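Inspection log for the structure reproduced underneath, given as structure tokens.
All residue numbers in this chain count up from 1 along the given sequence. Owing to the predicted nature of the structure, the values given are computational and were not obtained by experimental measurement.
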Amino acid sequence: MIRLGIIIGSTRPGRKAEAVARWVYEIAQRRGDAEYEVVDIQDFNLPLLDEPMPPSLGQYRQPHTLAWAEKIASFDAFVFVTPEYNHGTSGALKNAIDFLYREWNNKAAGFVGYGGAGGVRAVESLRLVMGELQVADVRAQVMLSLFTDFENFTVFKPGPHQEAAVNAMLDQVLAWGGALKTLREQAALSS
Ligand SMILES: Cc1cc2nc3c(=O)[nH]c(=O)nc-3n(C[C@H](O)[C@H](O)[C@H](O)COP(=O)(O)O)c2cc1C
């Protein structure tokens, strides 16, 4: 069964990301078609990137990097739950992504963005990053509006249509995550 990590992309006190990620997890769990897990980057206490060697070499030295690498390596696919900060993703999420390389390769990803314009600019910026990490990012995405999916711009109350958007995105992520299995196996054999 495919293992899919739902990554909480904000570490800000009072963040909305956690409620959004838990909502995605509940919808995903009801499907029963994969092993889903919420991954909170906050739990890994990652400082700003402090590895001396480029992550693509895989020569990690810091205990926090090794713990983060072990967690990310355990998944076949991801859903990134991302806020929009200055038309990009959060620094915390970008930093967490930058720590690793091979652990992301040949896997699939989908996005749940939120912001004044559905987080679309943050997701577009992440799509560029995914290309370099050899992650297949899917077309379907969830766009949550601070105006209509959060009461008073604060309490998460997603519109009724958003659950279908999550399922459409998950359908594609699981399909691509499965399709790339052979590549992951070949890469594991040659490393
Ligand atoms: C530094 C910063 C920059 C922001 N820039 C944008 C932005 O460019 N576009 C947008 O739609 N919302 C922007 N916002 C609003 C965030 O989308 C909103 O605060 C959201 O709740 C942040 O996610 P979080 O609560 O999970 O950290 C920004 C918020 C912060 C803190």
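Looking at residues two or more places apart in sequence or on another chain, you find no salt bridge (Lys or Arg N to Asp or Glu O under 4.0 Å) involving Glu26. Remark: Asp76 pairs with Ile2, Arg3, Arg184 by the side chain to side chain contact (heavy atoms under 4.5 Å, CB included) rule, at least two apart or across chains. For Leu183, the side chain to side chain contact (heavy atoms under 4.5 Å, CB included) partners two or more places apart in sequence, or in a different chain, are Asn106, Leu180, Gln186. Remark: Arg30 engages Glu163 in a side-chain hydrogen bond (donor to acceptor under 3.5 Å, both in side chains) (not counting sequence neighbours). Shown here are the side chain to side chain contact (heavy atoms under 4.5 Å, CB included) partners of Phe147, two or more places apart in sequence or in another chain: Ser145, Phe153. Judged as a salt bridge (Lys or Arg N to Asp or Glu O under 4.0 Å), and not counting sequence neighbours, the contacts of Lys71 are Glu37. Remark: Leu189 engages no residue in a side chain to side chain contact (heavy atoms under 4.5 Å, CB included) (not counting sequence neighbours). In this view, Glu84 and Arg121 satisfy the salt bridge (Lys or Arg N to Asp or Glu O under 4.0 Å) rule, not counting sequence neighbours. Applying the ring-ring contact (aromatic ring centres under 6.0 Å, His included) criterion to His87, with sequence neighbours excluded, gives no partner residue. Under the rule for a ring-ring contact (aromatic ring centres under 6.0 Å, His included), the partners of Phe44 that lie at least two apart in sequence or sit in another chain are Trp68.
Listed here is the closest heavy atom pair of Ala21 and Val38: O-CG2, 4.3 Å. Taking each heavy atom of Ile8 and Ala17 in turn, the nearest pair found is CG2-CB, 3.6 Å. Here the closest heavy-atom approach between residue Pro52 and residue Arg61 is recorded as CG-NH1, 3.5 Å. The minimum heavy-atom distance linking Pro47 with Asn95 is given by the pair O-ND2, 2.8 Å. Taking each heavy atom of Leu174 and Ala34 in turn, the nearest pair found is CD2-CB, 3.8 Å. For Ser56 against Tyr101, the heavy-atom pair with the smallest separation is CA-CB, 3.5 Å.
More than 12 heavy atoms of other residues, nucleotides or ligands lie within 6.0 Å of CD in Glu185, so this atom counts as buried by the packing criterion.
In this structure the side chain of Glu18 never reaches within 4.5 angstrom of the side chain of Gln42, judged on heavy atoms. A 4.5 Å side-chain heavy-atom check between Ile27 and Tyr36 finds every atom pair outside the cut-off. With contacts defined as side-chain heavy-atom distances shorter than 4.5 Å, the pair Met130/Phe78 does not qualify. Contact check for Val166 versus Trp23: side-chain heavy atoms found under the 4.5 Å cut-off. You'll find the side chain of Phe156 stays beyond 4.5 Å of the side chain of Tyr114, heavy atoms only. No side-chain heavy atom of His64 sits under 4.5 Å from any side-chain heavy atom of Asn45.
No donor-acceptor pair under 3.5 Å is formed between the side chain of Trp104 and the backbone N or O of Val135. Judged by distance alone, the side chain of Gln141 and the main-chain N or O of Val123 form no donor-acceptor pair under 3.5 Å.
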request  = Show your reasoning for whether side chain to side chain contact (heavy atoms under 4.5 Å, CB included) applies to Leu126 and Leu93.
outcome  = CA-CA 10 Å; Leu126 276 170; Leu93 178 57; 4.1 Å; yes
task = Check the pair Glu51 / Tyr60 against side chain to side chain contact (heavy atoms under 4.5 Å, CB included), numbers first and verdict last.
result = CA-CA 7 Å; Glu51 286 289 343; Tyr60 308 138; 4.1 Å; yes
key: Worked verdict on Thr89 versus Lys94 for side chain to side chain contact (heavy atoms under 4.5 Å, CB included)   = CA-CA 7 Å; Thr89 190; Lys94 179 62 165 54; 4.1 Å; yes
request  = For side chain to side chain donor-acceptor pair (under 3.5 Å), just list the numbers for Ser90 and Ser10, CA-CA rounded to whole Å, side-chain angles, deciding distance to a tenth of an Å, and then say yes or no.
outcome  = CA-CA 6 Å; Ser90 70; Ser10 170; 5.9 Å; no
task = Determine, step by step, whether Val79 and Val142 satisfy the side chain to side chain contact (heavy atoms under 4.5 Å, CB included) criterion, reporting the C-alpha distance in whole Å, the side-chain angles of both residues, the deciding distance to 0.1 Å, and the verdict.
result = CA-CA 10 Å; Val79 168; Val142 183; over 6 Å; no
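Residues in residues 130-150 take part in these salt bridge (charged side-chain N to carboxylate O under 4.0 Å, His left out) pairs, two or more places apart or across chains: Arg127-Asp137. Applying the side chain to side chain donor-acceptor pair (under 3.5 Å) test to pairs two or more places apart or on separate chains, those with a residue in residues 165-179 are Arg31-Asn167, Arg31-Asp171.
Under the 4.5 Å side-chain contact rule for hydrophobic residues, Val24 and Leu144 share a cluster. Under the 4.5 Å side-chain heavy-atom criterion for grouping Ile, Leu, Val, Met, Phe, Trp and Tyr, Ile6 is not connected to Phe111 through any hydrophobic cluster. Hydrophobic clustering of Ile, Leu, Val, Met, Phe, Trp and Tyr side chains at less than 4.5 Å, counting indirect connections, keeps Tyr85 apart from Ile41.
Remark: Arg102 CZ to Gln134 CD distance equals 10.0 Å, nearest 0.5 Å.
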